[in-house]
Chemist: 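Take a look at this one; I'll ask things after.
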Amino acid sequence: MFPNVYLFNPDYDMAMANFTPYYKSPAEIMRMIADLSVLPWWFAEEGNCVKVENMALVSLLQKQLREVCGGSMEVERRLDELLPRAAWTVEWPSVRYIPWGWTPALVHRLRQEGVEECFLPSEEAVRRFRFLSSRQRCLEVLPELLKIDGTCGEMKACVSLSELEAFLQERGELVLKAPWSGSGRGLLKVSSASWNTQLAGWAARILRVQGVVMAEPIYDKVIDFAMEFYAEKQNGVHFAGYWWLAHFSRFCHLQIIDIQQYYETMYRDTNP
């Protein structure tokens, strides 16, 4: 039996916002969970296992890797060595799980599938995970970042609609953020001029469900990017690099141009 099972649950933030054992993701998110269940294969440690929705997804991954990376005997040989480094399962074995994130809903599901309690986190631990994954934690980190020369930033945790509206009137424009959200659904840019009943209703719902709305000023920025870190139990936290969305956007834009040029050239060659 393999020591650990990796499991991808991208509905983590939404499940944490709900924070009940009976949370059910929307249908489109469930499809994404199934389609991307092979994702942990890229970072799973050798000799472990990845939980997938069905084995057809594994066959598709292997086929796509050979189509994209294949072409030479050396590459094929390396793929043959690489592909079996982690096992696959469609079952729910009673072993240690390494999910994208622990939620009450996931713990409940694993219990239903017969996973023993010794492999599951306690309720206290899951509450701690929720605390640490909230955007409210930025309030603790931001003052330390502001000690670095050339940095700026401000964030306010609004616990009532009146407090939020007063801050909006003071600043004119804000980015509002739910403490837990996924797929960009928990962010909203607002201004004192555009504020209306519908936007107030969105904020009121977040306050009712999650207890607070995070509000940040809108800055005259040059670019958006994220800093990625790798955390290890023994070796601490290490900076892994930057994620700059423009890199990906530029890449996709160039690929689209290349494809358009290819088809334009092919059309000219076949239609003189």
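All values below were derived from every heavy atom in this structure, side-chain atoms included, with hydrogens, water molecules and symmetry-related copies excluded. If you read the sequence from its start, that first residue is 1, and numbering goes on from there.
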Chemist: Grab the two heavy atoms, one from Ser181 and one from Leu187, that are nearest each other, plus how far apart they are.
Modeler: OG-CD1, 4.2 Å

Chemist: Please assess Tyr219 against Glu154 for the test side-chain contact (heavy atoms from CB on, under 4.5 Å), listing each intermediate value before the final yes or no.
Modeler: CA-CA 10 Å; Tyr219 293 100; Glu154 183 181 0; 3.8 Å; yes

Chemist: When you measure from the side chain of Asn9 to the backbone N and O of Gly101, does any donor-acceptor pair fall under 3.5 Å?
Modeler: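 Yes, the answer is positive, given that a donor and an acceptor are paired below the 3.5 Å cut-off.
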
Chemist: Mind listing the side-chain donor-acceptor pairs of residues 202-216 below 3.5 Å, one per line with the distance, residues two or more places apart or on another chain?
Modeler:
residue: Gln210; atom: OE1; partner: Trp180; partner atom: N; Å: 2.9
residue: Gln210; atom: NE2; partner: Trp180; partner atom: O; Å: 3.0
residue: Glu216; atom: OE1; partner: Lys177; partner atom: NZ; Å: 3.4
residue: Glu216; atom: OE2; partner: Lys177; partner atom: NZ; Å: 3.1

Chemist: Run through Tyr97, Trp42, Trp100, Phe43 and flag the one making a ring pair (Phe, Tyr, Trp, His ring centres under 6.0 Å) with Phe8.
Modeler: Trp100

Chemist: What do you reckon, is CZ of Phe239 surrounded by more than 12 foreign heavy atoms closer than 6.0 Å?
Modeler: yes

Chemist: Counting neighbours of CH2 on Trp92 that are heavy atoms of other residues, nucleotides or ligands and sit closer than 6.0 Å, is the number greater than 12?
Modeler: yes

Chemist: Run Phe129 and Thr103 through side-chain contact (heavy atoms from CB on, under 4.5 Å) and show every step you take.
Modeler: CA-CA 8 Å; Phe129 297 151; Thr103 69; over 6 Å; no

Chemist: Look at the rings of Trp41 and Trp88 and say which category their plane angle falls in: under 30° parallel, 30 to 60° tilted, over 60° perpendicular.
Modeler: parallel

Chemist: Arg137 side chain to Phe131 main-chain N or O, any donor-acceptor pair under 3.5 Å?
Modeler: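 Yes, the answer is positive, given that a donor and an acceptor are paired below the 3.5 Å cut-off.
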
Chemist: Is Ile148 isolated, or which residues cluster with it under the ILVMFWY side-chain rule of less than 4.5 Å, directly or via members?
Modeler: Val141, Leu145

Chemist: Is it the case that atom CD in Glu46 sees more than 12 heavy atoms from other parts of the structure closer than 6.0 Å?
Modeler: no

Chemist: Using salt bridge (charged side-chain N to carboxylate O under 4.0 Å, His left out) as the criterion, list what pairs up with Arg96, not counting sequence neighbours.
Modeler: none

Chemist: Do Glu124 and Arg128 meet the salt-bridge criterion of a basic N to acidic O distance under 4.0 Å?
Modeler: no

Chemist: Can any side-chain N or O of Asn54 pair as donor or acceptor with the backbone N or O of Leu57 at less than 3.5 Å?
Modeler: yes

Chemist: Shortest non-hydrogen contact from Ser191 to Glu173?
Modeler: CB-CG, 3.8 Å

Chemist: Between Met155 and Leu142, which heavy-atom pair has the shortest distance, and what is it?
Modeler: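 The answer is N-CD2, 3.9 Å.
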
Chemist: Should we say atom CD of Glu123 is surrounded by more than 12 heavy atoms from elsewhere, each under 6.0 Å from it?
Modeler: no

Chemist: Can you check side chain to side chain donor-acceptor pair (under 3.5 Å) on Ser94 and Glu116, steps first, answer last?
Modeler: CA-CA 6 Å; Ser94 185; Glu116 298 169 76; 3.0 Å; yes

